[in-house]
Amino acid sequence: MQISTRTGPRILAILGPTNTGKTHLAMERMLAHTTGMIGFPLRLLARENYDRAVAKVGKGAVALITGEERILPKTARYFLCTVEAMPVAKQVDFLAIDEIQMCADPERGHVFTDRLLHARGRSETMFMGAETIRPVIRKLVDNVEFDRRERFSTLSYNGSKKIQRLPAQSAVVTFSAQEVYAVAELVRRQKGGAAVVLGALSPRTRNAQVEMFQNGEVEHLIATDAIGMGLNLDLNHVAFAALTKFDGKFNRGLTAAETAQIAGRAGRHMNDGTFGVTGNLSGIDPDIIEQIEAHEFEPLAKVFWRNARLDFRSVDALQKSLRRRSDDPTLILAREPVDEIMLDHLAHNEDVARIASAPDRVQLLWEVCQIPDFRNIHTDAHPRLLTSIYRYLAKPGSKLPIDWLGEQVLRLDRYDGDIDQLSSRLAGIRVWTYVSHKHHWLEDANHWQERTRAIEDKLSDVLHERLTQRFVDRRTSVLLKSLKDKSELMSTITANGEVQVEGEFVGRLDGFRFIPDETDAAFEGKAIASAARRALTGEIAQRVKQLETDEDDKFAVNGQLDVLWNGAQVGVLKKGDTVLSPEVQVIDSEFFDGPTRERVRTRLQNFVNAHIEARLKMLTRLRDCQLSGPIRGLLFQLNEGLGCVPRSELESLVKDLSDEDRKALAKLGVRLGVETVHVLDALKPDPVELRGILWAVARELDALPELPPAGRTSVPNDRANSKGFYLAAGYMPVGPLAARVDMLERFAALLRQKARENDGKVRPDPDLLSLLGCTVEQAEGVFTALGWRAEVTKVKKSELLAKEAEKKAEETAKTDAEVKTEEAAPAESAETAPANDAASTDTAEATPAEAAETDADGDELVEVKYFVRVDRRKRGGAGRGQQRGPRQDARGKGGPKGKGGNRPNHGGKGGRGGKPGGRGPAPDKGNQINEDSPFAKLKEMLEAKG
């Protein structure tokens, strides 16, 4: 059908691509008239142009009318509205509709078509939009003047680019919130941050995000096709990450015109723009590219329409009138708008159908069904809400209950949660903001408008903050803005080493290394990195001077083999000529030249040398003493072993030592033990840690393995650790344990003593277990490793019990003496873990036979496990008798194994007679306890008591 218009008023269609100044022209024409009205496709655009008009003619002359916001001064002459909210019954001199090609939109097109057909200004009417709508306007509207506008700048295609290579001032377009967030997260990691624009955001949030992009805080915008509708942005490039969208019913590809509408946002006024693809897209169809660049698209032949003459006699009549088709083939029926879907849903509710029995009730129902579903969650939540609203309003003279309305609003007055939760609440409060503008529905509409608007604004601000926190590095945005302004970047270094550029943290100075913040994508910019380095160069020079003058207490070495200065790594220990002389390698620093690096290395090497000299004096004096002969070789190997070497490895040197050599070794703190040769002072915790570090450095390891805990006399023998590591830590691997070498020597001495007292047989009693702090099973493993074998002997049970009773009586008498002994040797008691309770009695290991066995006298016999000495020659010289030299082949063979009987005196150098260290035959001293034993005084007291 052809709609005729009056011949007098001017009707003008301003058509053309984006960036042609159409909206600007409409605003100028409206303000040239006494009164005027413009309908925009978005609340955002209505607000933007409202602010522009207010700036020119004042607040009192301008009104803003949208579904969720109404600013209506009594003296208003100009009305900026959304298309749906336009008060078309109001007569104005000038009337315009923006983006008139939206007549072809499946969801909202029927509203634009209605305005095209019926909305007119008294003097002038203007339609602004794409050239594609020309044939439709020509057919439906009489006496139209057409004015084609050409784009101010060129728009061209530049292919595919990876996201990290997108130019500044780019927008990435995709078509779902999840995809927008995913791309924004990627851009934040690679480019420092991005603003986001989605249709689901409130206008306030969208404005805040756009402003962040416009003022240069971020250089990229991630958006849906919401940016295609008139948002004025300083974009240079638009990159499509998707070319299909869900239109409410189907997933479909973008048309050439839709693609051009979005791509056309690139290029502002006279600045040329480009478009392309990114992400997984390889390109755009060449035909579409050609149409976009030439701004020539297939014209529209049909637009969506809905009958405006509605029948409210009944719900059924209303639905039929809404579904009535037009006689004009250009006007096709709207495709199930949301309000019609809601009407159908509520009409099937029995209560609603019963209430909607009169025309005024049907008209109210239709008004309720037009409440927008901003949540767009496609569930029955919105229909249920509309049903409740309708039931309250359908009562005669009723309005929405204050208590119920307050409860609905209060649920949304929360600001915790993530982006999705905030977005959901924001969409919910927008529904009530819309409702609050229905004055005839509420008792105090102004109160609810203020309250819902305050909540919406607060939620919008919080959502903007959450989006910014998630997708923007604030530090980076400040730096980028400074770069955009081309100002000199100011850089500083705080007292704790933080490096700041323009007051923003960009990294820290650790020693002499600059460590950029891991999240700092801004350092891709050469200007920022250069500004940081300017501050660092002078600081490094000062630090080098400070390092050279600092005392040694400012330096340290750690288990990672690092050399530290004030806690920062400045060097690494490397293998040197000897184990006690490691070299220092200075860490890499871009701020060091050759001479500076050498200055630092010299100071660090001096510290390391002094540190070793001070902490390992007991070893360095072995290295520095001027001795010759066997003792020199022994000291060399002892140094290389960091103060602890197995006796078996030094046997050939030990046997050649003279009396003077042995005295010299004693003065140097060297102990010639049966199992090891060690420096006693090197076993203290402080030297042990440094010895371990030097051992790891000499073996070119990356770090020091975990040392045994300080004070422990033994630890489980971890087969992953080498024997050399344990020796460097002052421990000797023996079977299941690694025993501290001084306690191992005491253990071996006490073991030999007990063998002498019991005819060469030994059992793991508490005295032995307490020395190593081990269990019976562990002790048996140590016995085996030291050259003892297990034997099971049958003994009279009565004798065994008698010995046990006698021993218990002795232990009772020893109690006071043991306390005094522990006080006299606190270090020993602190280092020794409690023995296994299972070994507290001699009878614990006595195993009765399956059937009671007796001897000739009828006494019951039991089996008891003992350990006896193995012939040393059978185990290769490992292990010793009572502090004798290791030359087993040179001693007499007549004496019993493992006992300290008399041996021939070989005399001469290296012989056993009269030599220090117990090399001569041991005189038979009965139950003598080693003078180092913690029980020596107890033995003396017992002997004094008889």
Flag side-chain contact, heavy atom, 4.5 Å: Trp432 against Ile455 | no
d(Leu365 CG, Glu367 CD) to nearest 0.5 Å is 10.5 Å
Can you find a side-chain donor-acceptor pair between His220 and Ser170 that sits under 3.5 Å?
-> no
Evaluate the side-chain hydrogen bond (donor to acceptor under 3.5 Å, both in side chains) criterion for residues Thr174 and Glu179: first the C-alpha distance (whole Å), next the side-chain angles of each, then the deciding distance (0.1 Å), finally the verdict.
-> CA-CA 6 Å; Thr174 187; Glu179 291 172 350; 2.4 Å; yes
Shortest non-hydrogen contact between Thr34 and Tyr78, atoms and distance | O-OH, 3.5 Å
Tell me yes or no: between the side chains of Glu211 and His464, is some donor less than 3.5 Å from an acceptor?
-> no
Ignoring hydrogens and angles, tell me if any N or O in the side chain of Glu145 forms a donor-acceptor pair with the backbone of Ala13 under 3.5 Å.
-> no
Considering non-hydrogen atoms only, spot the tightest contact between Val303 and Ala104 and give its length.
-> CG1-N, 4.3 Å
Could you check Phe297 against Thr259 for side-chain contact (heavy atoms from CB on, under 4.5 Å), going step by step and ending with a plain yes or no?
-> CA-CA 11 Å; Phe297 308 99; Thr259 308; over 6 Å; no
Report yes or no: does Arg134 contribute a side-chain atom to a donor-acceptor pair with the main-chain N or O of Pro299 at less than 3.5 Å?
-> no
Residues Pro203 and Glu456: closest non-hydrogen pair is CD-OE2, 4.4 Å
Can you measure from OG1 (Thr224) to CD1 (Ile222) and round to the nearest 0.5 angstrom?
-> 11.5 Å
Ignoring hydrogens and angles, state whether a donor on the side chain of His33 or Glu124 is under 3.5 Å from an acceptor on the partner side chain.
-> yes
Does atom CZ of Arg325 have more than 12 heavy-atom neighbours, drawn from other residues, nucleotides or ligands, at distances under 6.0 Å?
-> no
Is any side-chain N of the basic residue among Glu258 and Lys245 closer than 4.0 Å to the acidic one's carboxylate O?
-> no
Nearest atoms (heavy-atom pairs only) where Pro106 meets Phe304 | CA-CE1, 3.6 Å
Is there a donor-acceptor pair under 3.5 Å between the side chain of Ser153 and the backbone N or O of Asn271?
-> yes
Thr205 side-chain N/O to Ser460 backbone N/O, donor-acceptor pair under 3.5 Å = yes
Return yes when atom NE2 of His24 has more than 12 non-hydrogen atoms of other residues, nucleotides or ligands closer than 6.0 Å, and no otherwise.
-> no
Any donor-acceptor pair under 3.5 Å linking the side chain of Arg151 with the backbone of Gly264?
-> yes
Are side-chain N/O atoms of Glu131 and His295 paired as donor and acceptor at under 3.5 Å?
-> no
Would you indicate whether the side-chain heavy atoms of Leu322 and Leu343 approach each other to under 4.5 Å?
-> yes
Any chance you could lay out the side-chain hydrogen bond (donor to acceptor under 3.5 Å, both in side chains) test for Asp328 and Ser326, step after step, and finish with the verdict?
-> CA-CA 5 Å; Asp328 191 324; Ser326 171; 5.7 Å; no
Measure the shortest side-chain to side-chain distance between Thr18 and Gln261 over non-hydrogen atoms and say whether it is less than 4.5 angstrom.
-> yes
Kindly compute the distance separating CE (Met102) from CD1 (Ile97), expressed to the nearest 0.5 Å.
-> 12.0 Å
For the pair Glu340 and Arg323, evaluate salt bridge (charged side-chain N to carboxylate O under 4.0 Å, His left out) and give the outcome as yes or no after the intermediate values.
-> CA-CA 9 Å; Glu340 290 187 39; Arg323 293 290 87 198; 2.7 Å; yes
Look only at the side chain of Gln101 and the backbone of Ala130, and say whether a donor-acceptor pair between them is shorter than 3.5 Å.
-> yes
Determine whether Arg138 and Val144 make a side-chain contact, defined as any pair of heavy atoms from C-beta on separated by less than 4.5 Å.
-> no
Please examine the side chains of Phe312 and Trp366, heavy atoms only from C-beta on, and report whether any two atoms are closer than 4.5 Å.
-> yes
Check the pair Glu68, Phe374 against side-chain contact (heavy atoms from CB on, under 4.5 Å), reporting the backbone distance first and the verdict last.
-> CA-CA 11 Å; Glu68 304 159 64; Phe374 293 108; 3.1 Å; yes
Derivation of the salt bridge (charged side-chain N to carboxylate O under 4.0 Å, His left out) call for Glu28 and Lys56 = CA-CA 10 Å; Glu28 292 295 320; Lys56 289 190 175 183; 2.7 Å; yes
Pro41 and Glu99: which non-hydrogen atoms are nearest, and at how many Å?
-> CG-CG, 3.6 Å
Can you check whether Leu346 reaches Pro383 side chain to side chain, under 4.5 Å on heavy atoms?
-> yes
Close side-chain approach of Phe94 and Ser123, heavy atoms under 4.5 Å | no
Do Leu405 and Tyr392 touch side chain to side chain, with heavy atoms closer than 4.5 Å?
-> no
Steps toward salt bridge (charged side-chain N to carboxylate O under 4.0 Å, His left out) verdict (Glu84, Arg108) | CA-CA 9 Å; Glu84 285 85 348; Arg108 303 171 62 200; 2.8 Å; yes
Do the side chain of Arg115 and the main chain of Val83 share a donor and acceptor less than 3.5 angstrom apart?
-> yes
Measuring from Thr452:OG1 to Glu69:CD, what's the distance to the nearest 0.5 Å?
-> 10.5 Å
Which heavy atom in Thr75 sits nearest to a heavy atom in Gly60, and how many Å separate them?
-> OG1-O, 2.7 Å
Between Asn307 and Ser321, is there a donor-acceptor pair closer than 3.5 Å when you use the side chain of the first and the backbone of the second?
-> yes
Output, in order, the C-alpha distance, side-chain angles, deciding distance and verdict of salt bridge (charged side-chain N to carboxylate O under 4.0 Å, His left out) for Arg306 and Asp114.
-> CA-CA 8 Å; Arg306 185 167 70 183; Asp114 179 80; over 6 Å; no
Check step by step if side-chain contact (heavy atoms from CB on, under 4.5 Å) holds for Trp448 and Val409.
-> CA-CA 9 Å; Trp448 292 108; Val409 172; 4.2 Å; yes
Any donor-acceptor pair under 3.5 Å linking the side chain of Gln209 with the backbone of Val196?
-> yes
Working to the nearest 0.5 Å, report the span between CG of Asn49 and CG of Asp98.
-> 8.0 Å
To the nearest 0.5 Å, what is the distance between CG (Leu426) and CG (Leu422)?
-> 8.5 Å
Please walk me through it: do Lys399 and Leu442 pass side-chain contact (heavy atoms from CB on, under 4.5 Å)?
-> CA-CA 5 Å; Lys399 296 182 184 294; Leu442 306 171; 5.6 Å; no
Verify, without hydrogens or angle tests, whether Thr330 (side chain) and Lys302 (backbone) share a donor-acceptor contact under 3.5 angstrom.
-> no
